[in-house]
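These notes are about the structure you will find just below.
Both ligands and their constituent atoms are indexed starting at 1 by order of listing.
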Amino acid sequence: MSQIKEPNLPESDVPESMARRRMITSFSLFALAAAIPLGVYEWITNSPKLYGARKPLRRVLDANAAIAKTYFSNTHLVATFPVEEAAKKPRTNGYDGLKTPLPEDWKLQIDRAQGAPLLLTMDDVKALPKHEIVYEFKCIEGWSQVQHWGGVRLSDFMAKYKLGTKSGDAPNPESTDDLYSYVGMETPDKGYYVGIDMESAMHPQTLLAYELNGQPISAPHGAPIRLIIPVKYGVKNLKRIGRMFFSDTRPRDFWAERGYDYYVGL
Ligand SMILES: Nc1nc2c(c(=O)[nH]1)N[C@H]1C(S)=C(S)[C@@H](COP(=O)(O)O)O[C@H]1N2
Ligand SMILES: [Mo]
């Protein structure tokens with residue numbers, strides 16, 4: 001099937017491969033429709049139970065309601081693995097935003113709707129409960145690897161520091177309207193940056209990770225802290241977080257600007 005192009009290829013190659021993927025998809029649908037015998041097609045379109053106007057419409061409404069609920073749910077977890085299956089020598093890939101040393105006065109900067117930005121230390125982050133995950137990290141270049149990460153849940157972090165809401169209260173499952181739609185993150189030198197939809201940010205497997213295989217993350221893997229977001233491809237897993245912010249408009253995103261899908265979810 002269609003092979004997704006390397007993100008390291010020149011920008012001009014990317015939109016072409018995306019366009020080709022879309023073309024293949026619509027062609028397959030066309031081929032499928034053509035393969036259905038005419039009698040069967042008539043039976044489907046005449047069947048009120050199967051394809052009547054009401055049922056698909058209700059499905060759309062149900063889907064909208066479901067979206068609101070999934071913010072805080074523990075469903076749709078990605079598969080996890082026994083810790084022994086984790087790679088002993090995890091791969092590294094992508095050095096944008098890591099080409100200069102970590103600033104000596106590094107703090108995790110969180111911009112807020114009200115008041116000055118929060119400036120947090122690693123001790124502030126580590127004060128929250130530690131969670132570990134062993135899962136298959138996937139890069140859109142075509143490789144994947146079972147890896148073992150540790151850190152704090154982004155949702156716990158947001159609850160503790162009352163982040164991501166317009167009211168300035170802790171995120172509340174009963175009032176998802178209060179949540180901003182996106183989280184933005186960037187490296188201290190702004191050389192790499194991502195935008196994450198709030199639902200994925202609040203996912204229970206999404207971590208601010210500071211350990212890999214039980215050890216502090218090394219510089220090439222994103223020391224001192226990085227995003228591990230298992231419901232997304234590698235591109236969204238920003239290494240070396242400098243600043244975090246929340247907004248209702250899409251934060252700029254390094255690979256989306258280079259032709260990739262903004263959401264790149266699994
Ligand atoms: N700062 C920064 N983060 C980044 C990248 C990057 O170039 N710079 N590359 C991304 C990509 S494409 C992948 S696949 C993963 C790789 O993470 P790893 O080096 O820990 O394997 O980091 C992501 N995060
Ligand atoms: Mo990647």
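Residue contacts with ligand 1, taken as heavy atom pairs separated by less than 4.0 Å, involve Y95 solely via the backbone atoms N, CA, C and O. With a 4.0 Å cut-off on non-hydrogen atoms, K236 does not touch ligand 1 at all. Here K239 has heavy atoms under 4.0 Å from ligand 1 in both its backbone and its side chain.
Of the charged side-chain nitrogens involved, at least one lies within less than 4.0 Å of a carboxylate oxygen, so that K166 and D248 count as a salt-bridged pair. Between D169 and K162 there is no salt bridge, since none of the side-chain N atoms of the basic residue sits less than 4.0 Å from a carboxylate O of the acidic one.
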Residues K236, D253; criterion salt bridge (charged side-chain N to carboxylate O under 4.0 Å, His left out); working and verdict: CA-CA 9 Å; K236 293 283 189 186; D253 186 275; 2.7 Å; yes
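With a 4.5 Å cut-off on side-chain heavy atoms, L212 and H148 do not count as touching. Using a 4.5 Å cut-off on side-chain heavy atoms (C-beta onward), Y182 and Y262 make contact.
Considering each of G222, S144, G94, G234, the one bringing a non-hydrogen atom nearest atom 23 (C) of ligand 1 is G234. Closest heavy-atom approach to atom 1 (N) of ligand 1 among the candidates D96, N93, L238, I241: D96.
Atoms of ligand 1 found under 4.0 Å from any heavy atom of N237, numbered from 1 in the order shown, are 22 (O), 23 (C), 24 (N). Counting atoms of ligand 1 from 1 in the listed order, those under 4.0 Å from a heavy atom of T187 are 1 (N). Listed by number with element, the atoms of ligand 1 under 4.0 Å from a non-hydrogen atom of C139 are 14 (S). Every atom of ligand 1 is numbered from 1 in the order shown, and the set under 4.0 Å from a heavy atom of F137 is 14 (S), 15 (C), 16 (C), 17 (O).
Stacking of R258 on the aromatic ring of Y260 is not recorded, the 6.0 Å distance cut-off and the 45° axial limit not both being met. Geometrically, R226 does not engage Y210 in a cation-pi contact defined by less than 6.0 Å to the ring centre and at most 45° from the axis.
Not one N or O of Q147 is nearer than 3.5 Å to an N or O of ligand 1, by distance alone. Residue H221 places at least one N or O, backbone or side chain, under 3.5 Å from an N or O of ligand 1.
Between W149 and H221, the two ring planes are perpendicular [angle over 60°; tilted spans 30° to 60°].
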